[in-house]
Amino acid sequence: MTAVPDRLALRADLLDFDADPGWAAPDPATGLVPGVRWRPDHWLLVEAGRITGVQPAAAFTPDDSVWSVEDQRGRLLMPGFIDTHVHSPQLDVIASYGTELLDWLETYTFPAEMRHADPAVAAAGAELFLDALLAHGSTSAVVFPTVHVSSTEALLAGAHRRGMRLVTGKVLMDRHAPEGLRDDVTGAERDSRDLIRRWHGTGRLAYAMTVRFAPTSTPGQLAMAGRLMAEVPGLYMQTHVAENRAEVAWVAELFPEARSYLDVYHRAGLLNERAVLAHGIWLDDADRALLADTGAQIAHSPSSNLFLGSGLIGWPELEAAGARVSLASDVGGGTSLSMLRTLADAYKVQALRGVRLTAWKALHGATLGAAEALGLSDEIGRLEPGRLADLALWDWAAGPVATHRDARARQLHERVFAWMTLGDERNLAATWVAGRALFRRTPTR
């Protein structure tokens with residue numbers, strides 16, 4: 001493993017946020033809106049894995065006998081992306097053809113996840129997944145492994161070795177799933193308690209009660225998850241909600257006593273400020289108010305929603321009701337771990353609804369906005385002294401077309417929007433986790 005430099009000085013163009021930029025249009029002349037923090041040609045100073053200062057290059061020259069100096073001028077330095085919903089075993093089935101959600105699970109997802117009962121498969125899959133996150137500029141994530149303890153252990157251990165901020169937990173499924181992917185309430189509680197005891201709060205890890213989705217858990221299993229949420233401080237909860245209309249109809253049949261799909265989770269005690277619910281497309285006003293009241297967030301997964309034909313989320317409507325929204329790749333329903341591609345798809349989703357999503361709003365939802373929604377903004381999400389140095393260094397353009405477009409940007413938002421729209425992992429130069437370089441792009445000839 002690469003040693004952490006005692007003192008690291010990085011020179012680049014710094015971009016982050018100190019507030020939510022909202023839905024306002026950028027200033028025509030500067031491209032800026034309140035909340036955007038743009039510091040071109042600055043030094044970011046890191047000591048013992050934490051950011052300790054930011055200095056203009058014109059006013060500061062680091063002593064290379066004291067600092068490990070990286071002059072990356074002309075490149076863009078941002079906080080590492082935070083992917084709030086992604087499935088580690090589904091790299092096996094990413095870009096699979098021809099199904100909607102429920103068929104997708106039966107045809108592709110469940111067979112792929114069954115293979116992770118083998119500890120060797122689980123270990124290799126976790127290593128591939130975590131390295132792939134870093135190679136796409138994502139330094140933190142909220143992750144679904146599988147129902148198998150081996151899959152969860154491999155993911156937690158791998159993230160811990162890398163020093164990553166990861167939220168994950170054994171998937172809970174005790175019905176409507178194939179043999180080999182089902183647990184039971186007693187066994188699931190025993191395994192969850194053991195994993196919590198060994199991993200929750202270890203390093204930068206947090207455990208999440210991971211309900212696959214309401215149809216694959218009995219009321220007894222949902223109640224068990226709710227009990228643990230109430231009992232163990234700091235536990236997260238992750239699940240899916242209202243992704244697909246056929247799914248919503250199925251939940252209504254299975255839980256006739258609940259007012260809505262979201263209410264199923266509320267009745268089980270699973271909604272609080274650490275609840276992460278993927279999708280949230282088919283919600284009504286009462287659901288949006290419930291999200292606001294409980295503090296739960298929606299992990300918007302635009303690439304997956306487009307690929308599976310699930311629908312178009314009402315992001316502004318959720319926020320108008322007081323609900324939080326973050327951004328997620330949702331691989332393998334999503335087609336890339338690149339948050340840049342995810343954000344470009346988020347723009348398209350809103351455009352289909354007649355709403356214009358700025359690059360500022362999109363990037364905020366994958367950095368500071370996600371950190372705030374997870375209760376982690378004191379640790380990650382901005383380039384601020386005291387935060388851990390989870391960083392991603394980007395080229396503004398990759399390839400002749402993007403380079404041509406970048407050179408013609410008239411103001412900052414136009415340049416950033418083109419980078420967000422045309423960019424992907426090929427733009428990524430390096431990734432640091434707590435000040436340690438864990439990815440560097442191999443130079444091409």
Side-chain angles (χ1 to χ4, degrees), residues 84-92 105 109-127 129-130 141-160 164-240 265 268-270 274-278 299 331-332:
T84 57
H85 176 68
V86 59
H87 296 258
S88 59
Q90 290 189 29
L91 292 182
D92 292 0
L105 293 174
T109 300
F110 288 160
E113 293 189 2
M114 289 176 71
R115 293 193 288 272
H116 288 251
D118 181 339
V121 173
E127 293 297 295
F129 171 77
L130 292 167
V142 182
V143 186
F144 272 63
T146 73
V147 72
H148 311 105
V149 170
S150 60
S151 171
T152 313
E153 286 272 9
L155 192 60
L156 287 160
H160 185 53
M164 294 174 71
R165 164 54 73 180
L166 209 76
V167 178
T168 191
K170 186 194 103 65
V171 175
L172 303 175
M173 292 197 294
D174 66 345
R175 65 172 175 174
H176 298 142
E179 184 68 31
L181 282 183
R182 292 194 305 273
D183 53 17
D184 59 64
V185 176
T186 301
E189 181 170 1
R190 180 190 63 242
D191 291 342
S192 297
R193 287 186 179 278
D194 185 48
L195 288 163
I196 290 166
R197 177 182 59 80
R198 287 186 290 117
W199 291 107
H200 184 51
T202 298
R204 299 178 67 190
L205 305 175
Y207 197 84
M209 298 308 296
T210 302
V211 176
R212 181 44 166 271
F213 69 151
T216 50
S217 286
T218 59
Q221 187 171 71
L222 294 174
M224 178 275 291
R227 286 197 306 273
L228 285 182
M229 287 286 291
E231 177 184 331
V232 181
L235 277 189
Y236 286 82
M237 191 281 290
Q238 60 174 336
T239 191
H240 300 80
Y265 300 130
L270 292 170
R274 291 180 304 282
V276 183
L277 301 106
V331 162

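None of the values given here were measured: they were computed from a predicted structure. Starting from 1, each residue takes its place in the sequence as its number.
Rounded to the nearest 0.5 Å, atoms CD (E153) and CG (L195) are 5.5 Å apart. Going from atom CE of M209 over to atom CE of M229 covers 8.5 Å, rounded to the nearest 0.5 Å. Taking CG from D174 and CG from L222, the interatomic distance works out to 8.0 Å, rounded to the nearest 0.5 Å. Rounding to the nearest 0.5 Å gives a distance of 10.5 Å between OG1 of T186 and CD of Q221. Taking OG of S217 as the start and CE of M173 as the end, the distance is 8.5 Å to the nearest 0.5 Å. Summarising the geometry, atom CG belonging to L172 is positioned 11.0 Å from atom CG belonging to D184; distances are rounded to the nearest 0.5 Å.
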Check the pair L270, T239 against side-chain contact (heavy atoms from CB on, under 4.5 Å), reporting the backbone distance first and the verdict last. CA-CA 10 Å; L270 292 170; T239 191; over 6 Å; no
Just do the side-chain contact (heavy atoms from CB on, under 4.5 Å) check on L105 and R212 with the steps written out, would you? CA-CA 11 Å; L105 293 174; R212 181 44 166 271; 3.8 Å; yes
When you look at L130 and L155, which way does the side-chain contact (heavy atoms from CB on, under 4.5 Å) test go after all the steps? CA-CA 8 Å; L130 292 167; L155 192 60; 4.0 Å; yes
List the steps, then state whether side-chain contact (heavy atoms from CB on, under 4.5 Å) holds for Y236 with V142. CA-CA 10 Å; Y236 286 82; V142 182; over 6 Å; no
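Of all heavy-atom pairs spanning Q238 and V167, the tightest one is NE2-O, 4.4 Å. Nearest heavy-atom pair, A223 versus A268, reported as atom, atom and distance to 0.1 Å: N-CB, 4.4 Å. The minimum heavy-atom distance between R165 and L205, with the atom names listed, is NH1-C, 3.9 Å. Shown here for P178 and M114, the closest heavy-atom pair between the two residues is CB-SD, 4.1 Å. In plain terms, the two heavy atoms of V171 and D183 that are nearest each other are O-OD2, 3.7 Å. Heavy atoms only, all atoms of each residue included: S151 and A122 are closest at CA-CB, 3.7 Å.
A perpendicular orientation is assigned to the rings of H240 and H85, their planes being inclined by more than 60° (bins at 30° and 60°).
For the residue pair T146 and H148, a side-chain donor N or O sits within less than 3.5 Å of a side-chain acceptor on the partner.
The shortest distance between side-chain heavy atoms of M224 and L228 falls below 4.5 Å. Using a 4.5 Å cut-off on side-chain heavy atoms (C-beta onward), L91 and V331 make contact. Taking 4.5 Å as the limit, some side-chain heavy atom of K170 sits within range of a side-chain heavy atom of V147.
One N or O on the side chain of S150 and one on the backbone of H116 form a donor-acceptor pair closer than 3.5 Å. Although no hydrogens or angles enter the test, the distance criterion places a donor-acceptor pair under 3.5 Å between the side chain of T210 and the main chain of G169. The backbone N or O of V143 lies less than 3.5 Å from a partner atom in the side chain of T168, making a donor-acceptor pair. Between the side chain of R175 and the backbone N or O of P215 there is at least one donor-acceptor pair closer than 3.5 Å.
Residue H87 is tested with F144, F129, F110 for a ring pair (Phe, Tyr, Trp, His ring centres under 6.0 Å); the sole match is F144.
Judged as a ring-ring contact (aromatic ring centres under 6.0 Å, His included), the pairs with a partner in residues 171-227 (not counting sequence neighbours) are, in order, H176-W250.
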